[in-house]
Amino acid sequence: MKEKLEAIKAAAVNAVKNAADEKQIEELRVAYLGKKGELTAILKQMGGLSPEERPKMGQLVNEAKSYVEGLVSKKREEIKQKATELKLKAETIDITMPAKKRETGKLHPLNTVLDDMIDIFQSMGFDVLDGPEVETDHYNFECLNVPADHPARDMQDTFYLGENLILRTQTSAAQIRTMETRKPPIRIICPGRVFRADEVDATHSPVFHQIEGLVVDKGITMCDLKGVLEQFAREIYGPDTEVKFRPSFFPFTEPSVEVDVTCSECGGKGCRVCKGSGWIEILGAGMVHPNVLRMCGIDPEVYSGFAFGIGLDRLTTTRYKISDIRLLFENDKRFLEQF
Ligand code: PHE
């Protein structure tokens, strides 16, 4: 019996030494020291011993039990400590590691230029308005003095959504919507997307951007138009910028002009950007046609006004020397990240 005890003890010691985790150690505890454990079982077999041997054997078994118990709790501590160490090691922060880069968004170059323009016009007292991109024939053409069979309709290839519903070809519809709802003095700009069925190339896109401007009051003249546009051009392009008015035609303004500014790239000497002319065309403008005022319920005998439509895309491509307008609409991050 003594040998059996020694064998069990030796097996227990060996097993405890090799236990790898808390679960295993608990299983061993139950297997050897539990109520049905091997060391407990041996106590129950002592009935066959002589009365003298019994206490001796009992003592031996109890010694073996407490020895194994001691080992078990020591091993349990060890395992716990090891687990804590591992956990701490895994959680340490290596402050020499490179930081994770966080990507920040940026303004689209069109928005940067638009924000600048809004600032300039707001400082001159203009309100900023919004208008619908889906327009009626009435606002986009009819009230702008372009009746159904007027040849000027050919100037703007139109996307039709229905018989009277179109994608606006110009922000000029905002002039009408404004004059219908506001009384003079009126001083507004309306930036937005416009749409024309143009063939796509480096300078044409079926979607582009305009900023419409409208001023209506008593005694407004062409000089006011010139002053406002000169002020605008010099704030955008620099104080030495010259502004040139060329006679032109728009059905809703009379007289009408197209406005060039000295090329910001070469200062007027002629270069690739201005195609050698020294000038860049940036907008169309004119004095609001009396018919248009009348259609909006404003008496042209009392009031006069001017309007302009600035091309935001051209302004942006010249400012950033972008060679192809398509880049503005492709949303390629490699391109946009440069601004
Ligand atoms: N709407 C015109 C265009 O798209 C520009 C313009 C606006 C001209 C206002 C005169 C007055 O070409």
Side-chain angles (χ1 to χ4, degrees), residues 114 117 121 126-129 131-133 135-147 150-159 166-179 186-198 203-217 220-230 232-233 243-261 280-293 295-296 298 300 303-316 325:
L114 177 59
M117 294 178 65
F121 282 110
F126 285 73
D127 283 347
V128 182
L129 301 184
E133 291 178 349
E135 260 302 358
T136 57
D137 186 273
H138 176 79
Y139 284 109
N140 194 88
F141 289 124
E142 206 73 38
C143 289
L144 286 163
N145 210 22
V146 190
H150 196 288
R153 289 213 177 194
D154 283 350
M155 286 166 75
Q156 300 176 355
D157 288 320
T158 309
F159 286 115
I166 60 169
L167 291 177
R168 67 176 171 197
T169 60
Q170 50 189 354
T171 44
S172 298
Q175 292 183 33
I176 309 304
R177 289 184 176 274
T178 306
M179 285 189 277
I186 291 169
R187 215 181 297 163
I188 61 104
I189 58 168
C190 172
R193 288 198 294 184
V194 298
F195 308 84
R196 288 185 203 176
D198 273 337
T203 53
H204 292 88
S205 160
V207 186
F208 55 104
H209 301 81
Q210 289 184 333
I211 293 111
E212 194 76 11
L214 175 70
V215 171
V216 182
D217 203 350
I220 297 291
T221 70
M222 198 95 179
C223 278
D224 299 306
L225 171 63
K226 207 162 177 227
V228 164
L229 292 180
E230 258 169 15
F232 160 74
V243 178
K244 183 166 80 173
F245 280 48
R246 279 182 290 109
S248 185
F249 172 78
F250 299 103
F252 38 91
T253 46
E254 180 59 38
S256 300
V257 291
E258 273 173 319
V259 177
D260 302 340
V261 293
I280 293 177
E281 182 196 325
I282 57 164
L283 61 93
M287 301 307 291
V288 180
H289 198 292
N291 286 353
V292 175
L293 290 175
M295 274 187 272
C296 297
I298 293 174
Y303 293 101
S304 57
F306 64 79
F308 54 84
I310 306 173
L312 177 61
D313 311 87
R314 174 76 69 87
L315 231 60
T316 306
I325 191 177

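All residue numbers in this chain count up from 1 along the given sequence. Counting starts at 1 for both ligands and their atoms, in listed order. Predicted model only: the values in this text are computed from it and were never measured.
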Just by modelled atom types, is the A173 backbone N or O under 3.5 Å from a matching donor or acceptor in the N140 side chain? no
Do Q170 and ligand 1 have an N or O pair less than 3.5 Å apart? yes
Would R196 count as being in polar contact with ligand 1, using the rule that some N or O on each side must be under 3.5 angstrom apart? yes
Less than 6.0 Å separating the ring centroids of F232 and F126? no
Check: E212 side chain, S172 main-chain N or O, donor-acceptor pair, under 3.5 Å: yes
May I ask you to identify, for F252, whether its side chain, its backbone, both or neither come under 4.0 Å of ligand 1 on a heavy-atom basis? side chain
For ligand 1, find out whether one of its N or O atoms is nearer than 3.5 Å to an N or O atom of Q210. yes
Name the one of L283, L315, I189, V128 that satisfies side-chain contact (heavy atoms from CB on, under 4.5 Å) with I211? I189
May I ask you to check whether S172 has an N/O atom sitting below 3.5 Å from an N/O atom of ligand 1? yes
Ligand 1 atoms in contact with G309 (distance to a heavy atom under 4.0 Å): 6 (C), 7 (C), 9 (C)
Row check, Y139 ring normal vs R177 NZ/CZ: under 6.0 Å, within 45°: yes
Can you see whether Q170 engages Q210 through a side-chain donor-acceptor pair at a distance of less than 3.5 angstrom? no
Can you list the ligand 1 atoms lying under 4.0 Å from a non-hydrogen atom of Q175? 9 (C)
Logged contact type for A285 with ligand 1, heavy-atom cut-off 4.0 Å, is backbone
